[in-house]
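All remarks here apply to the structure that follows.
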Amino acid sequence: MPPYRPFFLLTGLAAIAGGLIWWIPLPASRQIFLHLHLLLFGMGGAAVAGYLLTALPSWVGRSAIPPTLVWVLVVLWLLARGLPFLGDDLPSTFLLIIGPSFTLVLTVFLLLRVIEAAAWSRLHLAAAPLLLAFAEVMLLQTWLFDNGTATATSWAGVAFGLLIVLVGGRAIPAFTRNALTLHARPSTLRAPLALQTTSVVMLLITLATLPFPKLRVTTGSLPLITGALQLVRLAGWKPLTAWRLSSLAMLQLAWVWLGVGLILMGAALCWPQLMRLGVVLHALTMGAMGAMILGFASRAAMHRSAQGLKPRRVQTLAGAFILLSPALRLLPPGVFPVDTLAWSALFWATGWLLFLKGLWPALHGPVPRPVLSGVRPSTQLSRHTRRREEDRKT
């Protein structure tokens, strides 16, 4: 079983459930908890597992992920996402153990494979899911024992922002360079590693200082500056050229939401009287996280040609709904004579339903190689990939 198939399917299902949770008759506090639980750790966790397990063989030179591991992770994911719906019938400590178990098992497997292959440049990606485990423990602990706190929610939002930077900050320039090369267009991108490192360090400092209210202005200034830096980085990735290639447009537009989301979050931390942190976080979660996940996962089902990946129409439409949904959520009350929260959730759920429709061709039949990158110029093949191809030829 290719790991992207069950996990990208679970990604879409969790995204829809998390968006429609507002229509289930539950206490408001429980709706908020399940909304965060399903989207941040259900959708986000499944997407991270699907991407990292699919990319792992090209990092370490081993061609298969054990099917047993995939199914163990699927069961752990289902338990972790399903148990909170049982209400207060389970001990809180049990939820604290089951919740992050999925992410911890995933991280241990990734680290063992990367260390075994001495693929040290991928070590930070293998360890990245630990961010989700820590964020989930914080959220569960605060909602189970303290009835929810803004710090835990903010920490989870920044953790996902950091995860996007860790993965997308390296993958998007690589995908862009590859696609522009295939289309015989200028492929020289300005993507210095120093900007990636600076972004990661600043977000790590943000995570470390969030629990201290006295450092509010200092803490808020860091994501604000980091968000502006992401927009500067995007300018070096040839956006005007890349957006004409629709397989890249979703990923780079998600990066716009990352920059905007970090700027808004920083502003809300510095000036809480001007904007609500819980609202502006949707730019970072719905906008950056949702669109980035959609952009990565959709690549598994895109049309393949000599010119690279081409999105299906339904995938393009799904992207439009996802990109618009956070904009509706961020509108001030009273701008439109409608419930913007309801319309935002409806756009979000519609986008993910369309995603699942577009994903269907990738859930059966032969597995394309590579799954997420399409045709790749031979000059960009990894050392392990070249070795496997040479072995097949001989």
Side-chain angles (χ1 to χ4, degrees), residues 10-49 76-104 129-161 163 207 210-211 261 265 268 272 276-290 293 325-326 329-330 339-342 344-346 348-349 352:
L10 292 174
T11 297
L13 294 175
I16 294 168
L20 298 181
I21 197 71
W22 307 113
W23 278 271
I24 299 178
L26 293 170
S29 60
R30 188 150 194 84
Q31 284 181 322
I32 295 172
F33 169 71
L34 291 174
H35 175 70
L36 295 171
H37 181 72
L38 285 169
L39 292 184
L40 294 179
F41 309 110
M43 178 187 73
V48 167
L76 288 175
W77 186 95
L78 291 172
L79 283 173
R81 299 321 129 208
L83 288 178
F85 282 90
L86 298 180
D88 300 325
D89 296 335
L90 291 172
S92 300
T93 51
F94 184 68
L95 290 176
L96 282 169
I97 294 172
I98 293 296
S101 61
F102 164 80
T103 314
L104 292 175
L130 285 177
L131 287 167
L132 302 186
F134 284 122
E136 185 166 9
V137 168
M138 284 188 65
L139 186 69
L140 283 170
Q141 185 173 9
T142 55
W143 280 91
L144 289 171
F145 302 111
D146 300 331
N147 199 28
T149 67
T151 300
T153 306
S154 302
W155 208 94
V158 177
F160 268 98
L163 191 61
L207 289 175
L210 268 174
M265 180 183 179
R276 292 171 53 199
L277 181 61
V279 174
V280 301
L281 274 174
H282 286 83
L284 195 57
T285 52
M286 291 179 71
M289 184 182 78
I293 287 173
S325 60
R329 183 67 183 93
L330 295 173
D339 185 350
T340 54
L341 171 60
S344 176
L346 183 61
W348 173 267
W352 286 104

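- With hydrogens and angles ignored, the 3.5 Å screen pairs no side-chain donor or acceptor of Ser344 with any backbone N or O of Leu341.
- With rounding to the nearest 0.5 angstrom, the CG atom of Leu132 is 10.0 Å from the CG atom of Leu104.
- Of all heavy-atom pairs spanning Gly99 and Arg81, the tightest one is O-NH2, 3.6 Å.
- Within the 4.5 Å cutoff, the side chain of Leu284 has no heavy atoms near those of the Met289 side chain.
- Here Leu96 contributes atom CG and Met138 contributes atom CE; the two are 12.5 Å apart, rounded to the nearest 0.5 Å.
- Taking both residues in full, the closest heavy atoms of Leu131 and Ala159 are given as CD1-O, 4.0 Å, listed atom of the first, atom of the second, then distance.
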- Decide side-chain contact (heavy atoms from CB on, under 4.5 Å) for Met43 and Leu38; before the verdict, give the C-alpha distance in whole Å, the side-chain angles of both, and the deciding distance to 0.1 Å. CA-CA 6 Å; Met43 178 187 73; Leu38 285 169; over 6 Å; no
Determine all donor-acceptor pairs shorter than 3.5 Å in which one atom belongs to a side chain in residues 11-25; sequence neighbours excluded.
from	atom 1	to	atom 2	distance (Å)
Thr11	OG1	Phe7	O	2.7
Thr11	OG1	Ala47	N	3.1

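- When the side-chain hydrogen bond (donor to acceptor under 3.5 Å, both in side chains) test is applied to His282, no partner is found at least two apart in sequence or on another chain.
- Proximity of a side-chain donor or acceptor of His37 to a complementary backbone N or O of Leu140 within less than 3.5 Å is not detected.
- The closest side-chain heavy-atom distance from Ile293 to Trp352 is below 4.5 Å.
- Between Met286 and Ser325, the shortest heavy-atom distance links the atoms CE-OG, 3.5 Å.
- Counting all heavy atoms, side chain and backbone alike, Val137 lies closest to Pro100 at CG2-CG, 3.7 Å.
- The side-chain contact (heavy atoms from CB on, under 4.5 Å) search around Pro129 returns Val48, Leu52, Thr103, Leu106, Thr107, Leu110, not counting sequence neighbours.
- Shortest non-hydrogen contact noted between Leu34 and Phe85 is CD1-CE2, 3.8 Å.
- With a 4.5 Å cut-off on side-chain heavy atoms, Phe102 and Phe41 do not count as touching.
- Inter-residue side-chain proximity for Leu36 and Leu39 is flagged as unmet; no heavy-atom pair is nearer than 4.5 Å.
- Taking each heavy atom of Trp77 and Ala46 in turn, the nearest pair found is NE1-CB, 3.6 Å.
- At least one donor-acceptor pair under 3.5 Å links the side chain of Thr285 to the backbone N or O of Leu281.
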